[in-house]
**Student:** 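First, the structure itself, so that you have it in front of you.
To find a chain, count down the sequence lines: A is the first, B the second, and so on, and within it residues start at 1.
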Amino acid sequence: EADIYQTPRYLVIGTGKKITLECSQTMGHDKMYWYQQDPGMELHLIHYSYGVNSTEKGDLSSESTVSRIRTEHFPLTLESARPSHTSQYLCASRLDGDYGYTFGSGTRLTVV
Amino acid sequence: GQSLEQPSEVTAVEGAIVQINCTYQTSGFYGLSWYQQHDGGAPTFLSYNALDGLEETGRFSSFLSRSDSYGYLLLQELQMKDSASYFCAVRSQGGKLIFGQGTELSVKP
């Protein structure tokens, strides 16, 4: 069973609200990632981190921000949610030298 | 640009063998991974090929030909629980993964 947790699992929120999606892992992985996935589509990398105080933007432009103050925690924040942000957000981690990512179950966000 | 191509859907019967192909065009290639995803849940890592050839893990095998920018996932002795989406993903610089659009596999009785 994956030791990476995302909360909330589902979220419906109004336009303009600020939200933070939580992601925590207990495996001591140094590398963490956020992907965005629309139903039936590919995963797009929006942010990644190679360790504490290291964050980078991914290949897909995103209006979200991330932080990495602790190894185990990698939250994603949307300052002002819009309907275009409606999607599933998947968090993943891996240990340096490993090839496989461990994914969380995702947060399905709906902005109305 | 970067692109990965895989069939959108494949159907097979229980007990059969199915092959899911993936061709890629990326700037920087370090290996090809495969992931399984059930009903939009957490993708699960299946295999990784960094070098040409076949890697076998139980009922699943994965193949890579770097000269052809091509790989495939082979699933044998199909079971109903294998019905899922399968994604190929290129490992690019820094260990980042670039995913294909996924192949939805339906296994029929």
Side-chain angles (χ1 to χ4, degrees), chain A residues 1-7 9-10 23-25 27 29-51 54-60 62 66 86-110, chain B residues 1-10 20 22-24 26-51 55 57 60 62 64 71 73 84-106:
Chain A
E1 189 166 328
D3 296 309
I4 182 164
Y5 308 98
Q6 291 188 244
T7 57
R9 185 71 178 92
Y10 300 93
C23 175
S24 294
Q25 50 94 6
M27 299 172 284
H29 289 176
D30 46 354
K31 294 172 172 39
M32 297 189 73
Y33 308 83
W34 275 103
Y35 281 85
Q36 183 175 343
Q37 183 185 30
D38 291 329
M41 302 297 288
E42 68 263 52
L43 288 73
H44 291 285
L45 180 66
I46 51 175
H47 293 284
Y48 60 100
S49 167
Y50 288 158
S54 154
T55 61
E56 301 286 345
K57 287 187 179 293
D59 302 320
L60 180 68
S62 174
V66 291
T86 294
S87 188
Q88 174 163 247
Y89 294 84
L90 288 159
C91 181
S93 71
R94 72 179 179 93
L95 195 61
D96 191 22
D98 285 351
Y99 301 120
Y101 284 24
T102 301
F103 279 87
S105 297
T107 293
R108 297 197 184 200
L109 174 65
T110 302
Chain B
Q2 306 189 94
S3 68
L4 288 85
E5 297 288 334
Q6 50 181 128
S8 59
E9 50 186 45
V10 172
I20 300 173
C22 175
T23 57
Y24 58 87
T26 59
S27 55
F29 176 86
Y30 293 84
L32 187 70
S33 296
W34 289 91
Y35 284 79
Q36 178 191 62
Q37 185 181 37
H38 281 101
D39 300 322
T44 303
F45 172 69
L46 293 177
S47 68
Y48 177 77
N49 294 67
L51 302 175
E55 295 280 344
T57 308
F60 294 0
S62 57
L64 175 65
L73 180 70
S85 292
Y86 292 84
F87 293 86
C88 60
V90 165
R91 182 169 177 254
S92 65
Q93 188 173 5
K96 295 184 290 181
L97 287 182
I98 303 164
F99 283 83
Q101 286 197 315
T103 298
E104 186 173 350
L105 171 64
S106 297

**Student:** Is B:Glu104 in contact with chain A via its backbone, its side chain, both, or neither, using a 4.5 Å heavy-atom distance?
**Tutor:** neither
**Student:** Answer with side chain, backbone, both or neither: which region of B:Leu97 has an atom nearer than 4.5 Å to a non-hydrogen atom of chain A?
**Tutor:** both
**Student:** Mind listing the closest non-hydrogen atom pair of B:Ala42 and A:Gly104 along with its distance?
**Tutor:** CB-O, 3.1 Å
**Student:** From B:Lys96 NZ over to A:Tyr50 OH, what is the distance, rounded to the nearest 0.5 angstrom?
**Tutor:** 6.0 Å
**Student:** What part of A:Tyr33 lies closer than 4.5 angstrom to a heavy atom of chain B: side chain, backbone, both or neither?
**Tutor:** side chain
**Student:** If I measure from the heavy atoms of chain B, does A:Gln37 come under 4.5 Å with its side chain, its backbone, both, or neither?
**Tutor:** side chain
**Student:** Name the region of B:Asn49, side chain, backbone, both or neither, that has any atom closer than 4.5 Å to a heavy atom of chain A.
**Tutor:** neither
**Student:** Please determine, among B:Ser47, B:Ser8, B:Ser85, B:Gly40, the option with the most heavy-atom pairs under 4.5 Å with chain A.
**Tutor:** B:Gly40
**Student:** Could you walk me through whether B:Leu4 and A:Glu42 pass the side-chain contact (heavy atoms from CB on, under 4.5 Å) check?
**Tutor:** CA-CA 10 Å; B:Leu4 288 85; A:Glu42 68 263 52; over 6 Å; no
**Student:** Mind listing the closest non-hydrogen atom pair of B:Tyr35 and A:Tyr99 along with its distance?
**Tutor:** OH-O, 4.0 Å
**Student:** If you measure from CZ on A:Arg94 to CZ on B:Arg91, what distance do you get to the nearest 0.5 Å?
**Tutor:** 5.0 Å
**Student:** What are the two closest heavy atoms between B:Pro43 and A:Leu43, and how far apart are they?
**Tutor:** CG-CD2, 4.2 Å
**Student:** Looking only at heavy atoms, which two atoms of B:Phe87 and A:Met41 are closest? And how far apart?
**Tutor:** CE2-O, 3.6 Å
**Student:** If you count heavy-atom pairs under 4.5 Å with chain A, which of B:Ser33, B:Gly100, B:Gly31, B:Ala89 comes out on top?
**Tutor:** B:Gly100
**Student:** Name the option with the most non-hydrogen atom pairs under 4.5 Å to chain A; the candidates are B:Phe99, B:Phe45, B:Tyr30.
**Tutor:** B:Phe99
**Student:** If you measure from CG on A:Asp59 to OG on B:Ser92, what distance do you get to the nearest 0.5 Å?
**Tutor:** 6.5 Å
